[in-house]
Amino acid sequence: MKKTVVTVVGKDSVGIIAKVCTYLANNSVNILDISQTIVDGFFNMMMIVDVAACSKDFETFSHELEQIGGEMNCIIKAQREDIFDSMHRL
């Protein structure tokens, strides 16, 4: 299993979850856990996903998610779990 943390932040609009989840499904990425909230019109989502079956390299995967975010006026970031854990131990 290759866990990755995916975050999505931006103004709330219709279809954010659908677009992100469609991309993940089309790339064989399994959603392990998901949390989302809307605060005063701002959408925030954090997902833990398994990218082990994804045929794309991590840089391509991450870049394509960022592009999808740009199309929706959101910021989407993907971080490998091991790097995410290391950053937050400092």
Side-chain angles (χ1 to χ4, degrees):
M1 187 177 309
K2 291 183 179 179
K3 289 184 182 177
T4 297
V5 178
V6 176
T7 57
V8 182
V9 178
K11 281 287 216 182
D12 188 34
S13 63
V14 174
I16 295 173
I17 296 172
K19 286 183 184 179
V20 174
C21 290
T22 297
Y23 173 82
L24 296 176
N26 288 341
N27 287 281
S28 302
V29 175
N30 187 35
I31 299 169
L32 303 172
D33 199 358
I34 182 171
S35 173
Q36 65 94 27
T37 189
I38 300 167
V39 177
D40 198 26
F42 289 92
F43 177 84
N44 184 30
M45 179 169 64
M46 181 173 162
M47 307 170 90
I48 307 298
V49 300
D50 180 4
V51 297
C54 182
S55 62
K56 295 180 178 176
D57 62 74
F58 188 81
E59 288 72 25
T60 301
F61 170 74
S62 179
H63 180 71
E64 289 178 353
L65 280 173
E66 287 179 10
Q67 286 181 316
I68 291 168
E71 294 167 8
M72 297 184 297
N73 295 316
C74 292
I75 298 170
I76 302 178
K77 296 290 182 189
Q79 298 177 352
R80 291 184 185 102
E81 181 189 41
D82 55 344
I83 293 173
F84 189 85
D85 286 343
S86 296
M87 283 178 20
H88 289 88
R89 273 190 219 128
L90 297 176

Novice: Run the salt-bridge test on E64 and K19 with the 4.0 Å N-O cut-off and return the result as yes or no.
Specialist: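 Result for this pair is no, no salt bridge flagged.
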Novice: Heavy-atom count around F42 CZ within 6.0 Å, excluding the residue itself: above 12?
Specialist: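 Count not over threshold, so no.
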Novice: Is any side-chain heavy atom of V20 closer than 4.5 Å to a side-chain heavy atom of V8?
Specialist: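 Yes, close enough: below the 4.5 Å cut-off.
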Novice: Over all heavy atoms of both residues, which pair between L65 and A78 is shortest? Give the atoms and the distance, please.
Specialist: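 Answer, listing the atom of L65 first, then A78: CD1-CB, 4.1 Å.
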Novice: How many angstroms lie between NZ in K77 and OG1 in T4, if you round to the nearest 0.5 Å?
Specialist: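 The OG1 atom of T4 is 14.5 Å from NZ of K77, to the nearest 0.5 Å.
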Novice: Do V6 and F58 share a hydrophobic cluster (ILVMFWY, side-chain heavy atoms under 4.5 Å, transitive)?
Specialist: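 Yes, V6 and F58 fall within the same hydrophobic cluster.
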Novice: At what distance, to the nearest 0.5 angstrom, does CD of E81 lie from CE of M1?
Specialist: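 Here the rounded value is 9.5 Å.
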Novice: Give, for atom CD1 of I76 and atom OG1 of T7, the distance between the pair rounded to the nearest 0.5 Å.
Specialist: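 Taking CD1 in I76 and OG1 in T7, the distance rounds to 8.5 Å.
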Novice: Show me, pair by pair, the donor-acceptor contacts under 3.5 angstrom made by side chains of residues 27-37, not counting sequence neighbours?
Specialist:
residue, atom, partner, partner atom, Å
N27, OD1, K56, NZ, 3.1
N27, ND2, Y23, O, 2.8

Novice: CD1/I75 to CG/N73 distance, rounded to the nearest 0.5 angstrom?
Specialist: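 Going from the CD1 atom of I75 to the CG atom of N73 covers 10.0 Å.
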Novice: Which atom pairs, donor and acceptor, lie under 3.5 Å between side-chain atoms of residues 43-54 and protein residues at least two apart or in another chain?
Specialist:
residue, atom, partner, partner atom, Å
D50, OD1, K2, N, 3.0
D50, OD1, A52, N, 3.0

